[in-house]
Amino acid sequence: MTIQFLGQSAFLIETAGKKLLFDPFISENPMSKNIDVDAIEADYILLSHGHFDHVADAEAIAKRTGATIISNYEVVTWYGNKDLKGHPMNHGGKWTFDFGTVKYVNAVHSSMLPDGSYGGNSGGFVIWNEEGCFYFSGDTALTLDMKLIPMTCPKLDFAIMPIGDNFTMGYEDAAIAADFVECDKIVACHFDTFGFIEIDHAKAKKAFEDKGKTLILPEVGKTFEV
Ligand code: NI
Ligand code: MN
């Protein structure tokens, strides 16, 4: 799978010939100023919750590309009222799309849409197909519910998790989360974007190395294979 980091929690992942865009917050993220948001192609836009730093560019990109929004029922309904197409899910449910199977899993966080509308409950996604299986946790605390993922999904090849602390788990808890989901390769997100979530990169990497795990701290705009 090819992964491009677009800043904060925004990733573009290509798998099974489809482009999956996660949590687009690009045009208003100073760290993503070199990304041309009008050039991003997407077949699906997956939104973990309604917070601004995860959905800011979803409407414009969905309108331009015709991408289908996948999120919880409340978020998909909110975009549906703007005539954007979506596939609503809720916690514990899975659905098989043309690129693979998506399971919407628990997160411990809040969710409110940019205009103050109720955004349902935050979630994460586990996605699998013939190319592999990965977990995009979305904003979340460390939670014992993560132990359900290896019990109910294929073995993870990698996981994308927040490590910036304050609004989500920090890297110490994320290293424990990697144990809970039984995954050795973690791609970090939700760090350094603003003052509350600036991290010490060396300490973050060491927290994972101490457990025999790899933490990838992606650079904004860079594309890599996992
Ligand atoms: Ni959030
Ligand atoms: Mn966030």
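Counting convention: from 1, in listed order, for ligands and their atoms alike. These numbers come from a predicted model, not from an experiment.
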Undergrad: How is the N/O/S atom of His109 that comes nearest to the Ni ion (ligand 1) named?
TA: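 Of all N, O or S atoms belonging to His109, NE2 is the one nearest the Ni ion (ligand 1).
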Undergrad: Which word best sums up how the rings of Phe134 and Phe22 line up, parallel for under 30°, tilted for 30 to 60°, or perpendicular for over 60°?
TA: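 Because their plane-to-plane angle is over 60°, the rings of Phe134 and Phe22 count as perpendicular.
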Undergrad: What's the atom name of the N, O or S in His49 nearest to the Ni ion (ligand 1)?
TA: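 When I compare the N, O and S atoms of His49, NE2 is nearest to the Ni ion (ligand 1).
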Undergrad: So that I can tick it off, tell me whether Asp157 and Lys185 are bridged by a salt bridge, with the cut-off set at under 4.0 angstrom between side-chain N and carboxylate O.
TA: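 Salt bridge absent between Lys185 and Asp157.
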Undergrad: Under 4.5 Å between side-chain heavy atoms, hopping through other hydrophobics if needed: is there a path connecting Val108 to Tyr104?
TA: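 No, it is not one cluster - the side chains of Val108 and Tyr104 are not joined through contacts under 4.5 Å.
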Undergrad: By residue and atom, what protein N/O/S atoms are less than 2.8 Å from the Mn ion (ligand 2)?
TA: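 Listed by chain and number, the nearby protein N, O or S atoms are Asp53 OD2, His54 NE2, Asp139 OD2, His190 NE2.
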Undergrad: Can Glu59 and Lys82 be counted as an ion pair, charged N to O under 4.0 angstrom?
TA: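 Yes, charged N to carboxylate O under 4.0 Å.
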Undergrad: Using the six-membered ring wherever Trp is involved, compare the ring planes of His51 and His49 and label them parallel, tilted or perpendicular (cut-offs 30° and 60°).
TA: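 Correct class here is perpendicular.
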Undergrad: Centres of the Phe11 and Phe5 rings: under 6.0 Å?
TA: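 Aromatic pair counts; centres sit under 6.0 Å.
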Undergrad: Would you find a donor on one side and an acceptor on the other, under 3.5 Å apart, between the side chain of Asn129 and the backbone of Phe99?
TA: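 Answer holds: yes.
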Undergrad: Any idea which N/O/S atom from Asp139 gets closest to the Ni ion (ligand 1)?
TA: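 Atom name of the closest N, O or S in Asp139: OD2.
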Undergrad: Run the salt bridge (charged side-chain N to carboxylate O under 4.0 Å, His left out) test against Glu209 and tell me which residues pass, sequence neighbours left out.
TA: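 Partners of Glu209 under the salt bridge (charged side-chain N to carboxylate O under 4.0 Å, His left out) test: none.
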Undergrad: Restricting to N, O or S, what is the name of the atom of His51 that lies nearest the Ni ion (ligand 1)?
TA: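 Going through the N, O and S atoms of His51 one by one, ND1 ends up nearest to the Ni ion (ligand 1).
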Undergrad: Confirm or rule out an N/O/S atom of His54, from backbone or side chain, lying less than 2.8 Å from the Ni ion (ligand 1).
TA: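 Checking His54: none of its N, O or S atoms is under 2.8 Å.
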Undergrad: When you measure from the Ni ion (ligand 1) to the N, O or S atoms of Asp53, does any of those distances fall below 2.8 Å?
TA: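 No - counting backbone and side chain alike, Asp53 has no N, O or S atom under 2.8 Å.
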Undergrad: Answer yes when Lys211 and Asp184 have at least one side-chain N-carboxylate O distance shorter than 4.0 Å, and no when they do not.
TA: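 No, Lys211 and Asp184 are not salt-bridged.
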